[in-house]
Amino acid sequence: MENGSIPPKTEGLVSRMALNDNKAGMEGLDRDKINKIIMESSKGSKFYENEVKREQQVNQRIDKMMLQKEQITEQHLKKAQAQVARMVVELEKRRDLTRVIVHVDMDAFYAAVEMRDCPELKDKPMAVGSMSMLSTSNYHARKYGVRAAMPGFIAKKLCPNLVIVPTNFDKYRAVSSEIREIFADYDPNFMPMSLDEAYLDFTEHLEKRQSWPDSLRTHHYRASSNPKGDENNELPQETTPDVTDLSPVLFDDSPSSFLCCEDAGSAFEIFGTSVEEAVREMRFRIEQKTLLTASAGIAPNMMLAKVCSDKNKPNGQYRLPSTREAVMEFVCNLPVRKVSGIGKVSEKLLNALGISSCSHLGQKMALLSLLFSETAWHHFLQVSLGLGSAFIPRHEERKSMSTERTFKEMSAAEEQLSLCRELCEDLANDLKKEGLKGKTVTLKLKNVNFEVKTRALTLSYPVATADEIFAVAKDLLKTERDNESPQPLRLRLMGVRISAFVSSDEKQPLQKSIVGFLNPGKAELGPSHKEIPRESEEKTTLEEPQQSFFQKARAKRLQLQAAAASSRQEDSSGISSPLFLDARNCAASDEPDNDGACGASTSTSDGIGLSCPVCFRRVETADLAVFNRHIDQCLSESSAQKPSQHLEEGDGREAKRAELSAEERSLGSTSAETASSVNGNHSKSSSLVCPICLLTQDSDDLILFNRHVDLCLNQGVLHKLQSETRSPINPPSLDRCSKTNPENVAPRKFVKGSCITIDHFFR
DNA sequence: ATACATACC
DNA sequence: TACTGGTATGTAT
């Protein structure tokens with residue numbers, strides 16, 4: 001249907017600049033004419049020149065790839081094919097079709113909000129953004145080829161009547177929180193991807209929903225008068241036609257289940273118990289609440305749900321049945337570009353190999369496995385099989401924070417410096433809001449030729465204030481200026497990013513007393529680090545000693561984990577790769593009802609239960625689907641890097657992870673949440689794990705726990721100072737260790753209020 | 001650890 | 001006149 005995946009080979013056309021008709025609302029327009037206008041508007045500009053350059057780089061990459069391809073023999077391919085085939089078997093065995101994942105996406109969100117609030121815009125082509133850049137366009141404008149990420153001035157050429165409305169983020173955020181309230185009713189753990197988009201796991205909701213009375217599935221049309229006070233105000237009975245006007249498509253979807261009732265002038269609808277009805281209900285509620293429409297995709301995993309939500313856009317939904325056949329058929333004709341994670345460049349690389357749809361992807365997997373990185377081809381393979389993450393991962397902690405600004409050419413050093421400071425101040429403010437401190441500062445520069453450079457420096461201590469960040473950033477900037485001199489830096493953009501955040505336990509103020517104790521009389525003096533000349537010494541004086549203590553605590557933890565991991569590796573010899581998969585095969589194949597006989601089951605007393613090869617914990621279930629889900633969860637959480645926008649790749653990294661040693665995996669961190677979802681939810685024993693010694697505590701008593709943590713913290717100090725100290729409860733020891741990584745635990749949540757001081761201990 | 005490229009919204 | 005800004009990840013060095 002979306003034929004246009006291979007653009008007509010226009011010589012000299014910079015394909016990366018051409019119209020992207022990948023999005024909804026872009027069908028059947030005059031691509032050539034539009035591309036011509038786009039090119040004419042861009043030609044000769046610095047931007048265009050840079051795009052040409054980048055295009056050439058991609059072309060070189062393709063040439064290189066094609067050369068590599070030439071070197072491949074039948075032998076190679078055969079071997080690769082065998083490996084792919086094995087992989088397919090493994091992946092197939094673990095295919096999970098039991099979950100119901102929904103991806104919801106508001107239609108032309110920003111534009112729709114602006115249209116809602118300004119009826120004059122309703123029947124005009126409009127877009128949100130500026131003459132320089134558009135964030136969204138309405139469907140009317142899309143007919144002209146006007147789309148998101150297009151500069152307004154080009155859009156104007158495509159559509160001279162285009163109305164451009166400036167962005168109004170506060171408004172979008174407000175609407176976003178309204179729709180999120182609704183999302184939460186269907187999945188309290190939904191994952192927002194942006195203001196207008198989210199993934200939801202409907203599985204549990206649907207289970208409950210089956211036994212719900214009609215009343216819980218009944219939803220009313222909004223009150224008659226709309227916020228703008230239309231002419232219908234005094235005619236409440238005309239509500240229904242009004243509303244249907246807003247969403248003519250809504251009711252085309254599943255007319256059979258459509259029930260509209262009138263009760264004393266108030267119209268309502270009773271929704272059914274099926275997935276489709278539940279999702280239709282959610283979309284109905286969104287529309288009633290916000291006057292905006294959403295589209296949704298329903299599928300057994302995130303990758304597919306995302307594609308499905310686009311299928312009947314706008315104001316529609318699409319369900320992909322949870323059968324292997326349906327999934328394979330769906331994926332077969334799917335253009336690779338539709339898959340989240342495969343962008344312009346990957347598409348071009350694949351196209352060069354004759355691959356445009358996902359079925360081609362499957363057919364050429366052996367080749368792909370030889371030409372692409374492991375991560376890449378594993379991803380491709382999963383996509384070709386219609387696989388994706390069947391669970392929605394917990395939202396990860398942020399990994400970086402940045403701010404950047406584009407401006408008219410700037411070359412003067414003083415001007416650049418003051419801008420740099422401003423950026424640092426803004427960034428420091430944002431950091432403060434989240435109470436974060438990071439160790440890596442990155443300066444981003446874009447010159448007037450659109451060439452981007454980043455320069456980073458990692459400190460041994462975390463920073464957060466504007467002065468601290470600026471101290472680093474200005475040096476990076478100076479270095480760049482020096483490198484470029486005598487030519488000036490002619491900038492069009494500058495940005496500052498901070499990353500390598502310290503974990504919550506490392507940035508708390510508690511250490512003051514420890515620091516004071518460790519460095520008597522020196523605590524208020526500057527520490528010895530002088531890698532970077534500092535603007536303001538006094539503000540950071542506490543950082544380093546505190547850091548050094550925690551660095552030791554951390555080193556100790558890692559040492560403990562490594563020791564435990566290697567001991568585990570001994571008792572379960574091949575846990576690294578095949579066995580880990582085999583354990584699952586075993587569970588998944590043979591007699592599903594007889595898991596007690598399976599090698600993956602544990603030998604602990606009570607009959608049912610399987611032991612997870614990743615976290616080594618017992619999973620109290622006889623249900624293999626549940627067990628597999630647990631392992632998926634473990635894998636996803638033990639993976640140190642977790643892309644949040646490639647979430648559908650969750651499974652994609654599994655094979656790679658399987659090749660990590662147990663030690664690497666254990667160092668990869670598993671959160672306390674995992675520990676409790678595996679353990680705590682089912683067992684009555686304590687779920688508190690000391691973030692320092694990593695031991696699960698015997699007691700659930702927070703006071704005792706706090707005391708223990710205090711002691712553990714102080715122990716390091718005491719040890720350093722004199723003799724080893726043992727805490728009264730569960731003394732820290734070197735033998736066993738839980739997999740819990742304190743970095744993700746936020747232990748101070750529990751510790752808060754308890755006074756962690758050396759003085760306290762000595763009292 | 002650093003730099004750059006790709007991707008997503 | 002005019003081609004964003006924020007975050008994450010992958011790849012190469």
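Just the heavy atoms: all of them, side chains too, but no hydrogens, waters or symmetry mates, feed the values below. Reminder, nothing fancy here: chain letters follow the sequence lines and each chain counts from 1.
Residue-level contact check: Lys344(A) touches the backbone only, with heavy atoms under 4.0 Å from sugar-phosphate atoms and none from bases. Among the heavy atoms of the strands lying under 4.0 Å from Arg398(A) are primed sugar atoms or P, OP1, OP2 only; no base atom is included. Base contact: Ser42(A) has a heavy atom under 4.0 Å from a base atom. Among the atoms of the strands shown, only primed sugar atoms or phosphate atoms (P, OP1, OP2) are found under 4.0 Å from some heavy atom of Glu197(A). Contact annotation for Lys453(A): backbone-only contact, meaning every heavy-atom pair under 4.0 Å involves sugar-phosphate atoms and none involves a base. Counting any heavy atom pair closer than 4.0 Å across all strands shown, Leu195(A) reaches no nucleic acid atom. As judged by a 4.0 angstrom heavy-atom cut-off over every strand, Ala149(A) is placed among the base-contacting residues. Arg61(A) comes within contact range of the sugar-phosphate backbone alone, with a heavy-atom separation under 4.0 Å but no base atom that close. Counting any heavy atom pair closer than 4.0 Å across all strands shown, Met17(A) reaches a base atom. Heavy atoms of Ser45(A) sit nowhere under 4.0 angstrom from any nucleic acid atom. Among the atoms of the strands shown, none is found under 4.0 Å from any heavy atom of Val496(A).
Considering only side-chain N and O atoms, Ser402(A) lies nowhere under 4.0 angstrom from the phosphate OP1 or OP2 of dG6(C). At the phosphate of dA7(B), OP1 or OP2 sits under 4.0 Å from a side-chain N or O atom of Ser346(A).
At a cut-off of 3.5 Å, with distance as the only test, no side-chain donor of Ser499(A) or Ser400(A) sits close to an acceptor on the other residue. A donor-acceptor pair shorter than 3.5 Å can be found between the side chains of Asp107(A) and Ser295(A). No side-chain donor-acceptor contact under 3.5 Å links Ser389(A) and Asn301(A).
In this structure, Ile498(A) atom CD1 and dG6(C) atom P are separated by 15 Å, rounded to whole Å. Leu443(A) has its CG atom 13 Å from the P atom of dT2(B), to the nearest Å. Rounded to whole Å, atom P of dG5(C) lies 14 Å from atom OH of Tyr110(A). Taking atom NZ on Lys446(A) and atom P on dC4(B), their separation rounds to 14 Å, with Å as the unit. Straight-line distance from the CE atom of Met494(A) to the C1' atom of dT4(C): 17 Å, rounded to whole Å. As a whole-Å value, the separation of Arg16(A) CZ from dT6(B) P is 6 Å. Rounded to an integer number of Å, the gap from CZ of Arg405(A) to P of dC3(C) is 17 Å. To the nearest angstrom, P of dT11(C) lies 13 Å from CD of Gln68(A).
For Val345(A), taking side-chain heavy atoms from C-beta onward, the closest of the listed nucleotides dA5(B), dA7(B), dA8(C) is dA7(B). The side chain of Thr458(A) lies closest to dA1(B) when the candidates are dA1(B), dG5(C), dC3(C). For Leu493(A), taking side-chain heavy atoms from C-beta onward, the closest of the listed nucleotides dA3(B), dG5(C), dC3(C) is dG5(C). Listed nucleotides dT11(C), dA3(B), dC3(C) differ in distance to Ala456(A); the shortest reach to its side chain belongs to dA3(B).
Here Glu451(A) pairs with Lys53(A) in a salt bridge; the nearest charged N to carboxylate O distance falls below 4.0 Å.
Residue-to-nucleotide proximity on DNA chain B shows that, of Arg497(A) and Asp196(A), the 5′-proximal contact is made by Arg497(A). Residues Phe47(A) and Ala376(A) both approach DNA chain C. Their nearest nucleotides, taken by heavy-atom distance, put Phe47(A) toward the 5′ side. Taking for each of Ser194(A) and Val58(A) the nucleotide of DNA chain B with the nearest heavy atom, the 5'-most of the two is the partner of Val58(A). DNA chain C is contacted by both Glu404(A) and Phe372(A); Glu404(A) maps to the nucleotide lying nearer its 5′ end (nearest heavy atom per residue).
Residues forming a side-chain contact (heavy atoms from CB on, under 4.5 Å) with Thr454(A) (at least two apart in sequence, or on another chain): Thr442(A), Lys444(A).
Nucleotides dT4(C) and dA7(B) place their C1' atoms 15 Å apart, quoted to the nearest Å.
Sorted by first then second residue, the ring pair (Phe, Tyr, Trp, His ring centres under 6.0 Å) pairs that include residues 150-170 of chain A, not counting sequence neighbours, are Tyr110(A)-Phe169(A), Phe169(A)-Tyr172(A).
When all heavy atoms are compared, the tightest approach of Phe183(A) to Ala198(A) is CE1-CB, 3.6 Å. Pairing each heavy atom of Leu445(A) with each of Glu480(A), the nearest pair is CD1-CG, 3.8 Å.
Across residues 128-136 of chain A, Met131(A), Ser132(A), Met133(A) each have a non-hydrogen atom less than 4.0 Å from an atom of DNA chain C (numbered order).
Proximity of a side-chain donor or acceptor of His379(A) to a complementary backbone N or O of Thr375(A) within less than 3.5 Å is not detected.
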